[in-house]
Structure formats: structure tokens, C-alpha cells
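It should be emphasised that the depicted structure is a prediction, and the values quoted were computed from it without experimental measurement. Residue numbering restarts at 1 for every chain, and letters A, B, ... go by the order of the sequence lines.
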There are 2 protein chains.
Amino acid sequence: MVTTIDGAEYPALDPYREGCPTRRVLDRVGDRWTVLIVGALGGGPRRFSELLRRVEGISQKMLTQTLRGLERDGLVSRAAHLEVPVRVEYELTEAGHSLLEPLRALENWAIEHYTGIARSRTDYDTRTA
Amino acid sequence: MVTTIDGAEYPALDPYREGCPTRRVLDRVGDRWTVLIVGALGGGPRRFSELLRRVEGISQKMLTQTLRGLERDGLVSRAAHLEVPVRVEYELTEAGHSLLEPLRALENWAIEHYTGIARSRTDYDTRTA
DNA sequence: CTGCATCCTGCTAGATACTG
DNA sequence: CAGTATCTAGCAGGATGCAG
């Protein structure tokens, strides 16, 4: 099963097509906070407050929200320990773990290229100023 | 050079820290449209209108905007052929090409896991309904 | 400590119309 | 064809207060 655009054929399972389920998956994964949270969970289970401190700049609301989304997607598991005070730990599931590798690749790419990108940005800005 | 949070040490170049330049790079790369546009350019130079058709759901405005950003970052080059009608071609630079691999990894991950994720979502929804 | 509810704001992105 | 400009609506996301 293929589709044709501009004379070229594309597979049916195609993130470039709007309705494709992989698009929704990419939307989540491409999310700004998801990348960082999954990465932060890479080292093992983390408490809510740990994540809040670790992922700088995230608000409590967005952390909760993103964690819920990840839980819903089956990428993160949530374990509430009913002590006083409450302790909640989040952990990557197996699927979540498998996401770690492509994400790390992206992270490494960012680290390798950020100087070049920064330079290119200032160049571009002075050139078009 | 390291920083310490919760007793653990982290490297200085750390996307999890707000000020870190790699954070800004990740913000761009993790962008919803960037992933798709760079991917669409993976097969070679593409015209503006080709991209518009290929990346379903993107508006002309967002395509222009994202392409400008990628050009500014030195990931995409723009070649305007002054004919009638005008023809503009976009192409990945070397740096842009290097981004292709981690992005494809992400894409493949999405394709591999979307069924599991979809199931997990409906499970979660019925469970919490 | 963890997390939900509410309110409020700014920015993002879509629609539309116009130009080289 | 490949943009720019403007206007607007919707919603993402921050702040705050409260509850288990």
C-alpha cells in the first residue's frame, strides 16, 4: 500500500501524512519536556520532586501533565508509596527504555553541533540585520 | 566542571539545565515540524511547494518560518532561481544531513511502537474513565 | 510531598489578503 | 510560485491556592 505525491511513492505508514498514527507518536516524543523527562529517568526511578529540580525550568503543572501523558502511553510507570509524607516514584517501562537510545542520539547530536549552530545563528543575524 | 543536584553530579554541558546552549538546540530539533521537514529533505533538494504538499497539515506560514529557522541554524540552504515563475529549492547542508540519522531513529521508533502506544492509551482511558 | 483546580496571560499558529 | 503582512482566536503554560 502506497500513496503518490509529486510522482513519488510513499509508504502507507508515513509520519508525513496527517492522519497517520505515527504522527501522533512523534508529536508526543518531539515534545520539549518529554525528551528531557525521559532522559532524566534514564538513570533509574526518580521521585516527582527530583524531576522537578533536575529538569530546570519546568513548572509543576507541566511536569505532572507530561508524566500523565507518558504514563498513558505506557512509557512510564507510577508508583505511589502511601507514607507520610507521600512519596511517588516514576520509572521507565520497557517501551520507555527503548526510547532512550534515539533520544540520547539526539542529545549527543545537540552537544556536538551546538557551537556550529550558535555561530551560524550570529552569522545569519548580522548578515540579515 | 560539574554541578550537583540531589547529591548526584552532572556535566556542565547539560540540556537539563535551563541556560545550557544545548537546550536551545534541542528545542529546535525537537520541534514538531522540524523533524518532518528535515526528514522530507533527506531525499535531496525539494521545492517550497513540494514540501508544502509532502508535509501534510503544515501551513505556508509555518513552513516558511521553520525553513528560515533551519537556514539560520545552518542546517538547510536556500537557492532561489530567478525564473518566471520563481523556483526556490531547499537542501540539507552537511550539518543538516548529520541530523538525519538521529531523526530517522526517532521515526523508526515511532513506527515500531505506535501500536503498543495506541493500545496503552485506550487501556488507560477506559481504566480511568 | 504530590497533585488537582482555577484563573489569567502571552504567544503561536491559522486565515486572509496582498506583492515581487 | 514563494513569500510578506496583519489580524485574531485558542490554548499552552505560569501563578496561586487548596487537598489528600
Trainee: Students often get this wrong, so: under 4.0 angstrom with heavy atoms, is B:Gln60 touching a base, only sugar-phosphate, or nothing?
Mentor: base

Trainee: Atom CZ of A:Arg53 to atom P of C:dC1: distance rounded to whole Å?
Mentor: 8 Å

Trainee: Starting at atom CG of A:Leu70, determine the distance to atom C1' of C:dG3, rounded to an integer number of angstrom.
Mentor: 16 Å

Trainee: For D:dC1, take OP1 and OP2 only and decide whether either is under 4.0 Å from a side-chain N or O of B:Tyr90.
Mentor: no

Trainee: Looking only at side-chain atoms of B:Gln65, point me to the closest of D:dG3, C:dG3, C:dA13.
Mentor: C:dA13

Trainee: For C:dC1, take OP1 and OP2 only and decide whether either is under 4.0 Å from a side-chain N or O of A:Arg47.
Mentor: no

Trainee: Once you round it to whole Å, what is the distance between P of D:dA12 and CG of A:Leu63?
Mentor: 17 Å

Trainee: Please confirm whether the shortest side-chain N or O distance from B:Ser49 to OP1 or OP2 of D:dA2 is below 4.0 Å.
Mentor: yes

Trainee: What's the CH2-P distance between A:Trp33 and D:dG13, to the nearest Å?
Mentor: 9 Å

Trainee: Would you name the heavy atoms of B:Val35 and A:Leu26 that are closest together and state the gap between them?
Mentor: CG1-CD1, 4.3 Å

Trainee: If only atom types and distance count, is the side chain of B:Thr22 paired as donor or acceptor with the main-chain N or O of A:Ala110 below 3.5 Å?
Mentor: no

Trainee: Need to verify one output field. Residue with the more 5' nearest nucleotide on DNA chain C, A:Lys61 or A:Arg78?
Mentor: A:Arg78

Trainee: Please give, in whole Å, the distance from D:dG14 C1' to A:Arg32 CZ?
Mentor: 12 Å

Trainee: Just how far, in rounded Å, is C1' of D:dC1 from CZ of B:Phe48?
Mentor: 9 Å

Trainee: Is B:Val86 touching bases, backbone alone, or none of the nucleic acid, heavy atoms closer than 4.0 Å?
Mentor: base

Trainee: Can you tell me how far C1' of C:dC11 sits from CE of A:Met62, to the nearest Å?
Mentor: 14 Å

Trainee: So B:Leu92 and B:Leu70, side chain to side chain contact (heavy atoms under 4.5 Å, CB included) or not? Walk me through it.
Mentor: CA-CA 9 Å; B:Leu92 289 181; B:Leu70 288 169; over 6 Å; no

Trainee: Without swapping roles, check the side chain of A:Arg23 against the backbone of A:Tyr16 for a donor-acceptor pair under 3.5 Å.
Mentor: yes

Trainee: To the nearest Å, how far apart are B:Ile58 CD1 and C:dT12 P?
Mentor: 15 Å

Trainee: Remember a base hit wins even if backbone is also touched, and classify A:Arg68 as base, sugar-phosphate or nothing at under 4.0 Å, heavy atoms.
Mentor: sugar-phosphate

Trainee: For the CZ atom on A:Arg121, are there more than 12 heavy atoms of other groups (residues, nucleotides or ligands in this structure) within a distance under 6.0 Å?
Mentor: yes

Trainee: Taking only the side-chain nitrogens and oxygens of B:Ser59, find out if one of them lies under 4.0 Å from OP1 or OP2 of C:dG14.
Mentor: yes

